[in-house]
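Read through the structure below, which is laid out as structure tokens, and then see the notes.
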Amino acid sequence: MTALTVALLLVVASAVILRWRRPAWYWLAFGVAFAAVRVLFQYTSVMDACGLTVPPSRWRLALARLANRPVPESRAPRILRLRPTRTGLVLRLKLRPGQDAFDVSASCDRLRHSFAMYGVTSRELRSGVVEVRMTGYDVLKRVQMPAKTDPAPMRVPVALREDGAVHYRDYRAVPHGLTLGATESGKSVYQRNLVAGLAPMNVALVGIDCKQGVELFPLARRFSALADNPDTALDLLEALVTHMEGVYQLIRAQQRITVNVSDAEIAADIWDLPDHLRPVPVVVLVDEVAELALFATKDEEKRRDRIITALVRLAQLGRAAGIYLEICGQRFGSELGKGITMLRAQLTGRTAHRVNDESSANMAFGDISPDAVLAAIQIPTDTPGIAVTGDSSGGWARIRAPHTTLRQAVNLCNKHADRTPDLPALAPFRPVVGTPAPSSEPLAKAAPATV
């Protein structure tokens, strides 16, 4: 056996092992080259088979007749750029006259089979230009976030999308969000990633965890206010409404609307204020909204109505004051009582993990995209953390947050505890914490709050 044969066998064995154990490494080492060659060589025939070609134009037919040449073939979209990524290929196409971006989107599944890729998605960049993103392996099976992300103020990299891109939770673009999911579907891990991403930022975290605080109270060092029961939650929400009114008074005082002030200097929200006057933004995390909406007695019903009213006011008016809502729950339908659908209408960002029935998925995406509803009810039970995210534009995607243990989230919150702002309106609800526990000590999911 020659040395060349031995080397070839070693390369093949390495490729097989990498594809089995490290698909990302296999893709970068071997897969990207094979896939690029396959796409370029099969491109015209695949586009023709998928119905993504157009017949020759009249002037081309006329030129062929004048030159006594064969009839020109149908033309596929022109490739503007083929760019490899760490998870797949990005193909930028220039559509031919008569083609539409929806034609490419409707053919994504056929393109996936034809090019032997794991997944194919498309989006329109501008008129006549479509970007097709192909993934070479299941990036959601073992989530590995890129070493370099693009965070910004109030913009948190929280998960990985099925096309290999990073999913960001941008509070300035989508102020309020709703997260649904059954028990053990991955909501808690998604919430921990949000807290871990927000911890290093200049932001006040406010938590409402009516499960006696088992989810949020271990992270108390980074929270400016916490509530673990509906009574305290009501007082906290009404204090937030008072804080919001104070912020609006500050904005009004700084608007300086006169005939001599240019439009760029007129303040309409906290982000238009000077840095030394800008109040700290507030993110309110509600762990289980049903615990705030359910009631058994008349007194509890009155408390519930006041809680929902405060939440609706914060959702309708809080954005300009820098108050953002992140509400989680297993269900979020009209059975929770009056005012719930009004609150849901204000929650633009929607994320649904595995749900137990179709009606729960309809609560998240029924008014946005029927396709997203179908994708949400198809999430298997053996893949916790898989979710479908969408917004009011009708676009949606499958995502998965990296697994973050409660211990890791606690360590991050303890590390950035000095960034916890003191808000006078929320001072009565500031959690009382002692000396942080060593990071080596295990912390169970249902551990009591640190005191």
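The residues of the chain are indexed from 1 along the displayed sequence.
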### Message
With no hydrogens and no angle check, just 3.5 Å: does a side-chain donor-acceptor pair link Ser360 and Asp357?
### Response
yes
### Query
Do we see a donor-acceptor contact under 3.5 Å between the side chains of Thr404 and Arg192?
no
### Summary
Residue pairs passing the ring-ring contact (aromatic ring centres under 6.0 Å, His included) test with at least one member in residues 102-126, sequence neighbours excluded, are none
What pairs of donor and acceptor atoms, side-chain ones from residues 145-165 against any protein atom, are under 3.5 angstrom apart with sequence neighbours left out?
from: Arg155; atom 1: NH1; to: Asp150; atom 2: O; distance (Å): 2.4
from: Asp163; atom 1: OD1; to: Ala165; atom 2: N; distance (Å): 3.1

Can you find a heavy atom in the side chain of [X] that is under 4.5 Å from one in the side chain of [Y]?
{"X": "Ile208", "Y": "Asp287", "result": "no"}
{"X": "Val284", "Y": "Leu240", "result": "yes"}
{"X": "Tyr324", "Y": "Val174", "result": "no"}
{"X": "Arg75", "Y": "Thr53", "result": "no"}
{"X": "Arg83", "Y": "Leu89", "result": "no"}
{"X": "Leu178", "Y": "Leu325", "result": "no"}
{"X": "Glu288", "Y": "Glu215", "result": "no"}
{"X": "Leu406", "Y": "Ser188", "result": "no"}

### Task
Answer yes or no: are there more than 12 heavy-atom neighbours, outside Glu358 itself, under 6.0 Å from its atom CD?
no
### Heavy atoms from other residues, nucleotides or ligands near CZ of Arg344 exceed 12 (cutoff 6.0 Å)
yes
Using a 3.5 Å distance criterion without hydrogens, assess whether the side chain of [X] forms a donor-acceptor pair with backbone atoms of [Y].
{"X": "Thr85", "Y": "Gly88", "value": "yes"}
{"X": "Arg400", "Y": "Leu140", "value": "yes"}
{"X": "Arg350", "Y": "Ala364", "value": "yes"}
{"X": "Arg354", "Y": "Thr183", "value": "yes"}
{"X": "Asp209", "Y": "Leu216", "value": "yes"}
{"X": "Lys187", "Y": "Gly181", "value": "yes"}
{"X": "Tyr171", "Y": "Val282", "value": "no"}
{"X": "Ser114", "Y": "Val46", "value": "no"}
{"X": "Arg278", "Y": "Leu273", "value": "yes"}
{"X": "Asp48", "Y": "Gly51", "value": "no"}

Euclidean distance, [Y] [atom2] relative to [X] [atom1], rounded to 0.5 Å:
{"X": "Thr309", "Y": "Lys338", "atom1": "OG1", "atom2": "NZ", "value": "8.0 Å"}
{"X": "Ser105", "Y": "Arg123", "atom1": "OG", "atom2": "CZ", "value": "12.5 Å"}
{"X": "Leu317", "Y": "Glu245", "atom1": "CG", "atom2": "CD", "value": "9.0 Å"}
{"X": "Asp103", "Y": "Arg96", "atom1": "CG", "atom2": "CZ", "value": "14.5 Å"}
{"X": "Leu277", "Y": "Ile251", "atom1": "CG", "atom2": "CD1", "value": "11.0 Å"}
{"X": "Ile379", "Y": "His353", "atom1": "CD1", "atom2": "NE2", "value": "8.0 Å"}

### Message
side-chain contact (heavy atoms from CB on, under 4.5 Å) for Leu111 and Met47? Distances and angles first, verdict last.
### Response
CA-CA 8 Å; Leu111 294 175; Met47 290 292 159; 4.0 Å; yes
Provide the closest heavy-atom pair for [X] versus [Y] in the form atom of the first, atom of the second, distance.
{"X": "Cys413", "Y": "Val195", "value": "SG-CG1, 3.7 Å"}
{"X": "Met117", "Y": "Met134", "value": "CE-CB, 3.6 Å"}
{"X": "Ser359", "Y": "Arg331", "value": "OG-NH1, 3.5 Å"}
{"X": "Pro218", "Y": "Val410", "value": "O-CG2, 3.6 Å"}
{"X": "Pro281", "Y": "Trp271", "value": "CG-CH2, 4.0 Å"}
{"X": "Ala204", "Y": "Val280", "value": "N-CG2, 3.8 Å"}

### Summary
Only one of Arg169, His176, Gln191 passes side chain to side chain donor-acceptor pair (under 3.5 Å) with Glu326, and that residue is Arg169
### Task
Run the numbers on Val143 and Val139 for side-chain contact (heavy atoms from CB on, under 4.5 Å), then give the verdict.
CA-CA 6 Å; Val143 178; Val139 298; over 6 Å; no
### Task
Using the side-chain contact (heavy atoms from CB on, under 4.5 Å) rule, take Val206 and Val283 through it: C-alpha gap first, then chi angles, then the decisive distance, then the call.
CA-CA 6 Å; Val206 174; Val283 175; over 6 Å; no
### Task
Take Ile327 and Leu343 through the test side-chain contact (heavy atoms from CB on, under 4.5 Å) and record every step on the way to the result.
CA-CA 10 Å; Ile327 296 181; Leu343 175 60; 4.1 Å; yes
### Query
Who pairs with Ala372 by side chain to side chain contact (heavy atoms under 4.5 Å, CB included), at least two apart in sequence or on another chain?
Phe365, Ser369, Val388, Trp396
### Task
Starting from the C-alpha separation in whole Å, work towards a yes-or-no answer on side chain to side chain donor-acceptor pair (under 3.5 Å) for Arg110 and Ser107.
CA-CA 5 Å; Arg110 284 177 286 177; Ser107 302; 3.1 Å; yes
### Query
Thinking salt bridges, do Arg133 and Glu131 make one under a 4.0 Å N-O criterion?
yes
